[in-house]
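Here is the structure we will look at.
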Amino acid sequence: MTQPILSMHAAFPVGLLSRGVPARRTALLAAAVISAIGLWSGAAAAAEMWLDPCDSGRAALGPEKATGAVIWSHGRSVDAEDFQAPTPPYMTMLGDDGWDTFRFNRLRASDTLPGSARALVNEVHELKRQGYRQVALAGQSFGAFLSLMAADASDEVDAIVATAPAAFGTFADFYDTWRSNATELYSVLEQVRRARVMIFYFHGDEFDPGGRGERSRDILNARKLPYVVIDQPARLTTHWAAATPQFAGAFGGCILGFLDAAAVADGARCDGDRLWAGTPAIQTAQPGTASHPGDRAGGG
């Protein structure tokens, strides 16, 4: 999953700048070309990263009526376009609860941690500018890293739901690169500005070097950020566990409680499908579709 940064080159008419063209005209030509390249680059970036509704059939409530907005970010594969991957079912539950839900789509060739995180910050700012009271970020794997990095770079991110964060390593390289999914993740967690953070780690995740749950709790506790860390939940396995209906049934209500809560106290945790937010518990409306993870058939 190590992602190379793509270099984009534009043809620059060097000949015009080296054949006796007067200095002022040379400067004007250079400025015009640089400006054109800048416009082209901006348009290209906009075409390669975009925001879509999670459910095209659901009308957005808008900033005045919605509880807030949630942007979900997909992962990044080495041989497929993940923007075509289905949105996880738990995002539907957030939409049912009054959140406007979006997905941050990126083409694989231009999807890098620094570039995509900057673009995600811009999307958050735009939603805040529109008037959304809260903007939360959710993400799977590479998208989880992007969501946390955006919370490092912006005070406008209110909450994070990160599932199976991973942005480094390949099957060929094995542990030497996979361990960056721990070391680099800890560095990101140490810089989250103000967002409350919910993180899920799953048993059997091929990209997890192990031990991340306790270390994440230590970092977030030291930072005095509201957090919930769910480490190795029962009967939810593999890197893609959060994409399943079982995950939505087991934790959708807890995620809703985490996003809806007026405050999250020390010791907050998922108690069944609800958030227990410390003392006293914060009561939140729960969807009627929540069930035990073993009660439904498997899904992608």
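- Taking the six-membered ring where the residue is Trp, F251 and F247 present tilted rings, their angle falling between 30° and 60°.
- For residues 56-70, the pairs satisfying side-chain hydrogen bond (donor to acceptor under 3.5 Å, both in side chains) are R58-D96, with sequence neighbours left out.
- Residue pairs meeting the ring pair (Phe, Tyr, Trp, His ring centres under 6.0 Å) criterion with at least one partner in residues 111-131, sequence neighbours excluded, are absent.
- H74 is listed as a side-chain neighbour of R106, based on a closest heavy-atom distance under 4.5 Å.
- Pairing each heavy atom of R133 with each of K128, the nearest pair is O-NZ, 3.2 Å.
- With sequence neighbours excluded, the residues that form a side-chain contact (heavy atoms from CB on, under 4.5 Å) with D271 are W276.
- Here the shortest heavy-atom pairing between S147 and I160 reads O-CD1, 3.3 Å.
- Taking all atoms of both residues into account, the shortest heavy-atom contact from F142 to A167 is CD1-CB, 3.8 Å.
- In this structure, G213 and V229 approach most closely via the heavy-atom pair O-CG1, 3.9 Å.
- For the salt bridge (charged side-chain N to carboxylate O under 4.0 Å, His left out) test with R194, the passing option among D152, D158, D155 is D158; the others fail.
- One distance of note links CZ of F200 with CD1 of I255; it measures 4.5 Å at 0.5 Å rounding.
- Proximity of a side-chain donor or acceptor of S216 to a complementary backbone N or O of Y186 within less than 3.5 Å is not detected.
- D208 and Y201 form no side-chain donor-acceptor contact under 3.5 Å, judged by distance and modelled atom types alone.
- A144 meets the side-chain contact (heavy atoms from CB on, under 4.5 Å) test with A162, P165; sequence neighbours excluded.
- Here the side chains of R212 and D205 are in contact, with some heavy-atom distance below 4.5 Å.
- The line from CG of L146 to CG of L120 is 6.5 Å long, rounded to the nearest 0.5 Å.
- Between D260 and L275 there is no side-chain heavy-atom pair separated by less than 4.5 Å.
- In this structure the side chain of E206 reaches within 4.5 angstrom of the side chain of W240, judged on heavy atoms.
- Using a distance-only test at 3.5 Å, with no hydrogens or angles considered, a donor-acceptor pair links the side chain of Q191 to the main chain of S187.
- Rounded to the nearest 0.5 angstrom, F207 CZ and N181 CG are separated by 8.5 Å.
- Under a 3.5 Å cut-off, the side chain of S154 and the backbone N or O of A150 do not form any donor-acceptor pair.
- Residues passing the salt bridge (Lys or Arg N to Asp or Glu O under 4.0 Å) test with R118, sequence neighbours excluded: none.
- Side-chain contact between F145 and E184 is present, with at least one heavy-atom pair separated by less than 4.5 Å.
- With hydrogens and angles disregarded, a donor-acceptor distance shorter than 3.5 Å links the side chain of R193 to the backbone of A153.
- Not a single side-chain hydrogen bond (donor to acceptor under 3.5 Å, both in side chains) links R215 to another residue, sequence neighbours left out.
- The two residues G249 and D273 come nearest to each other via the heavy atoms O-CB, 3.9 Å.
- Listed by first then second residue, pairs satisfying side-chain hydrogen bond (donor to acceptor under 3.5 Å, both in side chains) with a partner in residues 222-233 number zero, not counting sequence neighbours.
- Shown here are the disulfide (SG to SG under 2.5 Å) partners of C270, two or more places apart in sequence or in another chain: C254.
- Partners of S116 by side-chain hydrogen bond (donor to acceptor under 3.5 Å, both in side chains), not counting sequence neighbours, listed by chain and number: D111.
- Taking 4.5 Å as the limit, every side-chain heavy atom of R179 sits out of range of all side-chain heavy atoms of F168.
- Hydrophobic cluster membership is shared by M49 and L148, with clusters built from Ile, Leu, Val, Met, Phe, Trp and Tyr side chains linked at under 4.5 angstrom.
- Using a 4.5 Å cut-off on side-chain heavy atoms (C-beta onward), V192 and V157 make no contact.
- Contact record, T87 with C54: CG2-SG, 3.7 Å, taken as the closest heavy-atom pair.
- L127 places a side-chain heavy atom less than 4.5 Å from the side chain of I71.
- Although no hydrogens or angles enter the test, the distance criterion places a donor-acceptor pair under 3.5 Å between the side chain of R196 and the main chain of F258.
- Hydrophobic cluster membership is shared by V264 and M198, with clusters built from Ile, Leu, Val, Met, Phe, Trp and Tyr side chains linked at under 4.5 angstrom.
- Summarising the geometry, atom CD belonging to E190 is positioned 4.5 Å from atom CD1 belonging to I219; distances are rounded to the nearest 0.5 Å.
- How far CD of E123 is from OG of S73: 9.5 Å, rounded to the nearest 0.5 Å.
- Counting only distance, with no hydrogens or angles, the side chain of D100 and the backbone of L61 share a donor-acceptor pair below 3.5 Å.
- Residues satisfying the side-chain contact (heavy atoms from CB on, under 4.5 Å) test with E126, not counting sequence neighbours, are R129, Q130.
- In the hydrophobic clustering of ILVMFWY residues, with side-chain heavy atoms under 4.5 Å counting as a link, L113 and V121 come out apart.
- Taking the side-chain hydrogen bond (donor to acceptor under 3.5 Å, both in side chains) definition, one finds that D52 meets it with W50, N105, sequence neighbours left out.
- With sequence neighbours excluded, the residues forming a side-chain contact (heavy atoms from CB on, under 4.5 Å) with A138 are V70, W72, Y90, M91, V161, listed by chain and number.
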Under the criterion side-chain contact (heavy atoms from CB on, under 4.5 Å), I'd like the reasoning laid out for L236 against Q246: C-alpha separation, chi angles, the key distance, then a yes or no. CA-CA 8 Å; L236 288 168; Q246 289 92 334; 3.9 Å; yes

Could you walk me through whether I199 and L189 pass the side-chain contact (heavy atoms from CB on, under 4.5 Å) check? CA-CA 11 Å; I199 306 181; L189 290 176; 3.8 Å; yes

